Asker: 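Here you go, one structure.
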Amino acid sequence: MNRRTDRKIALVGGGSVRSPLVVFGVNEAAEALGAAEMVLYDPDPERLRVMVELGKAIVRRGGGQLRLRGATSIEDTIEGADFVLNSIRIGGIAGRAADERVAIEHGYSGQETTGPAGVAMGLRTIPIAIEQARLVERLSPDAWLVNFTNPAGLITQAVSDHSKARIVGICDTPTELFHNIARALGEPFESVECDYVGLNHLGWVRSVRVRGEEKIDTLIDSDELLRSLYLAPLFDTEMIRTLRLIPTEYLFFYYERQRALANQRRQGGSRGAEIATLNDELFAALSSRLAAGQGDEAVDIYAAYLNQRSGSYMKLEAEGGSAFDDGVSLNVDPFRVATGYHRIAIDVMSALTGAKPAPIVVNTRNRGAIPDLPDADVVETLCDISLDSIEPRRLAPLPDAVAGLVRSVKAYERAAIASVLEGSRLVARKAMLIHPAIGEWTPTASLLDALLGHANEDGECLCQGPMHR
């Protein structure tokens, strides 16, 4: 086992409201990770200052020795790092809210990683993510780039194809579903093995084994157990039974597009707009408390924010509810939950250092794992992760019921990446046409105009934020 104690962990996008969770996780696991220092960078200096101060309060409360600082340049952040966590949002949460509003106005459900809003997010983010990955490649060539940035599968694919950085994409959605399945069956998580297949935000569980015994029928045959797998009523249980696959929550935006749109219109907004309001309130409260030297109170305010945000997840789209409804907040310690944003990052890094090798679902090159897809395609699949090694486990072919959807989304990703690298508005429209949650040609022109800006006379997209280099 590698016993280093001087590792540097960098977080690009350190002004994110999720950053303090990651700081908590790194501080808690500092000995196993061999982590001595964590450096945060964000182009918004005020957000970065607040998140660093809050992170230091979290470290003090936890009694850790992790050194935490903010950096004024991305180069300082990345250089010499052993892990570079990337969690950026071009255009900020206001951009997400605007994209989701445009999608809804044009008759599509508004969600940050799927449909028109997901396309816009991807087109804006691809060139920046590649640029930052090339900095990692140059300044810390042996580092692992751990990609949180959404759309995580698309961004991991773009970086894998167009840089030499060692990258792994992570998302807590599959592991969250696995834990919910174990809870529904009344079994310890360690005793439950789920056969998971798909892409990021497009995955399914097709087998559940408890100590080697198949249990998926127990789940699929019970309405009560199926409903307990999700925070909100997302899927008709008859649909799950006929598929004989348990979908992750983001399939809601493919399987129930019209219901999601109707609920968003009835509620009068989108999740992004609600998060923007929650974040504004959070930063105002944190700034006030931290300025008064009340670090512990700031940590408590942050924990309450996380519980309100997590407890209201998918309520708007599935029920027309709101993050501001009474009774939506969870009553848990969000730092110590078994799953979540920070847990998956720590698990992956701990495995890559050799401290705690483990099987974990991540986004990585296929390399034969799913026989239906090319080796170079980035897929979301169970991998055996150990010291500097990520090995995807081989799976059976994609089920017929989802094979076409998976291939369509991969074709969309290829077209989206090509449109950015070629600077082609026409290819961006082609990507939208291919996307199974859009799938029409005529609306793509007005959608691109509304999401990214109008084209000039030469056909170049005058985007709200960079679409290409």
Side-chain angles (χ1 to χ4, degrees), residues 99 103 108-109 111-127 129-130 147 149-163 167 169 171 196-204 243 245 247-248 250-255 257 363-381 392 395-445 447-448 451-452 461 467-468:
D99 289 344
Y108 301 88
S109 56
Q111 205 283 322
E112 62 170 334
T113 64
T114 64
V119 174
M121 186 184 204
L123 296 182
R124 288 196 192 97
T125 308
I126 287 167
I130 292 173
N147 182 59
T149 297
N150 276 322
L154 172 63
I155 298 304
T156 304
Q157 184 76 63
V159 169
S160 295
D161 290 346
H162 299 286
S163 84
I167 187 171
C171 179
Y196 177 86
V197 65
L199 312 176
N200 180 243
H201 289 185
L202 197 85
W204 300 262
L243 284 175
L245 299 166
T248 52
Y250 285 93
L251 266 299
F252 181 75
F253 296 100
Y254 294 89
Y255 292 154
R257 295 196 297 274
N363 289 267
T364 190
R365 287 193 183 274
N366 183 36
R367 287 179 285 158
I370 301 177
D372 314 63
L373 298 177
D375 285 352
D377 276 1
V378 167
V379 298
E380 190 167 75
T381 191
L395 301 171
L398 292 167
D400 285 347
V402 303
L405 182 55
V406 170
R407 291 194 187 97
S408 294
V409 171
K410 288 309 300 184
Y412 149 70
E413 289 182 0
R414 295 186 195 99
I417 295 167
S419 76
V420 171
L421 296 178
E422 297 170 15
S424 171
R425 177 184 174 83
L426 193 62
V427 179
R429 292 185 66 190
K430 173 186 172 183
M432 284 185 155
L433 175 67
I434 295 169
H435 197 304
I438 303 174
E440 299 175 276
W441 177 254
T442 299
T444 59
L447 274 170
L448 271 182
L451 290 164
L452 297 175
C461 187
M467 175 178 166
H468 59 80

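All values reported here derive from a predicted model rather than from experimental measurement.
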Asker: Pair Ile370, Asp377 - check side chain to side chain contact (heavy atoms under 4.5 Å, CB included), show working.
Answerer: CA-CA 10 Å; Ile370 301 177; Asp377 276 1; over 6 Å; no

Asker: Indicate the atoms forming the closest heavy-atom contact of Thr156 with Gly169, along with that distance.
Answerer: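 Scanning both residues, the minimum pair turns out to be OG1-CA, 3.4 Å.
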
Asker: What's the verdict on side chain to side chain contact (heavy atoms under 4.5 Å, CB included) for Leu451 and Leu123, showing C-alpha distance, side-chain angles and the deciding distance?
Answerer: CA-CA 10 Å; Leu451 290 164; Leu123 296 182; over 6 Å; no

Asker: With Glu413, which residues qualify under side-chain hydrogen bond (donor to acceptor under 3.5 Å, both in side chains), at least two apart?
Answerer: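 For Glu413, the residues satisfying side-chain hydrogen bond (donor to acceptor under 3.5 Å, both in side chains) (neighbours in sequence not counted) are Lys410.
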
Asker: Check this for me: Asp375, atom CG, are more than 12 non-hydrogen atoms of other residues, nucleotides or ligands nearer than 6.0 Å?
Answerer: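 Yes, because the 6.0 Å sphere around CG of Asp375 holds more than 12 heavy atoms from other groups.
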
Asker: Does any part of the side chain of Val409, heavy atoms only, come nearer than 4.5 Å to the side chain of Pro436, both counted from C-beta?
Answerer: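 Yes, close enough: below the 4.5 Å cut-off.
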
Asker: With sequence neighbours excluded, what pairs up with Ala117 under the side chain to side chain contact (heavy atoms under 4.5 Å, CB included) test?
Answerer: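 Residues passing side chain to side chain contact (heavy atoms under 4.5 Å, CB included) with Ala117: Asp99, Glu100.
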
Asker: Restricting to non-hydrogen atoms, name the atom on Thr381 and the atom on Pro392 that form the minimum distance, rounded to 0.1 Å.
Answerer: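 It is CG2-CB, 3.9 Å.
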
Asker: Which residues pass the side chain to side chain contact (heavy atoms under 4.5 Å, CB included) test with Ala401, not counting sequence neighbours?
Answerer: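 Listed in chain order: Leu243.
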
Asker: How far does CG of Leu448 sit from CE of Met432, to the nearest 0.5 angstrom?
Answerer: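 Between Leu448 CG and Met432 CE, I get 4.5 Å after rounding to 0.5 Å.
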
Asker: Restricting to ring-ring contact (aromatic ring centres under 6.0 Å, His included), what partner residues turn up for Tyr196, sequence neighbours left out?
Answerer: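 Tyr196 satisfies ring-ring contact (aromatic ring centres under 6.0 Å, His included) with Phe178 once adjacent residues are dropped.
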
Asker: Specify the closest pair of heavy atoms between Pro371 and Ala396, including all atoms of both residues, with the distance to one decimal.
Answerer: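 For Pro371 and Ala396, the tightest heavy-atom pair comes out as CD-O, 4.0 Å.
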
Asker: Looking at every heavy atom in both Gly153 and Asn363, which two are closest together, and how far apart are they?
Answerer: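 Reported closest heavy-atom pair: CA-OD1, 4.0 Å.
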
Asker: Determine whether Ser419 and Lys430 make a side-chain contact, defined as any pair of heavy atoms from C-beta on separated by less than 4.5 Å.
Answerer: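 Not touching, per the 4.5 Å side-chain cut-off.
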
Asker: The test is side chain to side chain contact (heavy atoms under 4.5 Å, CB included); show your working for Trp204 and Val406 and say whether it passes.
Answerer: CA-CA 11 Å; Trp204 300 262; Val406 170; 3.6 Å; yes

Asker: Taking only residues two or more places apart in sequence or in another chain, which ones pass side chain to side chain contact (heavy atoms under 4.5 Å, CB included) with Arg407?
Answerer: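 With sequence neighbours excluded, Arg407 shows a side chain to side chain contact (heavy atoms under 4.5 Å, CB included) to Asp372, Leu373, Ala403, given in chain and number order.
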
Asker: Out of Thr364, Asn200, Thr248, which one pairs with Glu380 under the side chain to side chain donor-acceptor pair (under 3.5 Å) rule?
Answerer: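 Testing each of Thr364, Asn200, Thr248 against Glu380, the sole residue satisfying side chain to side chain donor-acceptor pair (under 3.5 Å) is Asn200.
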
Asker: Could you report the tightest heavy-atom contact between Ala129 and Ile155, atom names first, then the distance?
Answerer: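 Ala129 and Ile155 have their closest heavy atoms at CB-CG2, 3.6 Å.
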
Asker: What pair of heavy atoms forms the shortest contact from Val378 to Ser160, and how long is it?
Answerer: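 Shortest heavy-atom contact: CG2-OG, 4.0 Å.
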
Asker: Heavy atoms, side chains only, cut-off 4.5 Å: are Tyr254 and Pro247 in contact?
Answerer: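 No. Closest side-chain heavy atoms not under 4.5 Å.
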
Asker: Taking the side chain as every heavy atom from C-beta outward, state whether Ile130 and Leu421 have any atom pair closer than 4.5 Å.
Answerer: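 The answer is yes; the side chains approach within 4.5 Å.
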
Asker: Can you sort out the partners of Arg367 under side-chain hydrogen bond (donor to acceptor under 3.5 Å, both in side chains), two or more places apart, ordered by chain and number?
Answerer: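 Arg367 satisfies side-chain hydrogen bond (donor to acceptor under 3.5 Å, both in side chains) with no other residue.
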
Asker: For residues 413-445, which residue pairs qualify under ring pair (Phe, Tyr, Trp, His ring centres under 6.0 Å), counting only residues two or more places apart or in two chains?
Answerer: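 Applying ring pair (Phe, Tyr, Trp, His ring centres under 6.0 Å) to every pair that reaches into residues 413-445, excluding sequence neighbours, yields Tyr412-His435.
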
Asker: Any sub-3.5 Å donor-acceptor pair from Gln157's side-chain atoms to Val379's backbone N or O?
Answerer: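 Not a single qualifying donor-acceptor pair exists.
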
Asker: When rounded to the nearest 0.5 angstrom, what distance separates CG in Leu154 from CD1 in Ile126?
Answerer: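 Spacing of CG (Leu154) from CD1 (Ile126) equals 4.5 Å.
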
Asker: For Thr113, enumerate each residue passing the side-chain hydrogen bond (donor to acceptor under 3.5 Å, both in side chains) test, keeping only those at least two apart in sequence or located in another chain.
Answerer: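 Result, side-chain hydrogen bond (donor to acceptor under 3.5 Å, both in side chains) vs Thr113: Gln111, His201.
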
Asker: Sequence neighbours excluded, which residues qualify as side chain to side chain contact (heavy atoms under 4.5 Å, CB included) partners of Ala411?
Answerer: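 Checked Ala411 against side chain to side chain contact (heavy atoms under 4.5 Å, CB included); matches are Arg414, Ile434.
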
Asker: Tell me if a side-chain donor or acceptor on Arg257 pairs with a main-chain N or O of Ile438 at a distance below 3.5 Å.
Answerer: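 Checking the backbone N and O of Ile438 against the side chain of Arg257, no donor-acceptor pair under 3.5 Å is found.
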
Asker: With sequence neighbours left out, what residues match Arg429 under side-chain hydrogen bond (donor to acceptor under 3.5 Å, both in side chains)?
Answerer: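 In terms of side-chain hydrogen bond (donor to acceptor under 3.5 Å, both in side chains), with neighbours along the sequence ignored, Arg429 is linked to Thr444.
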
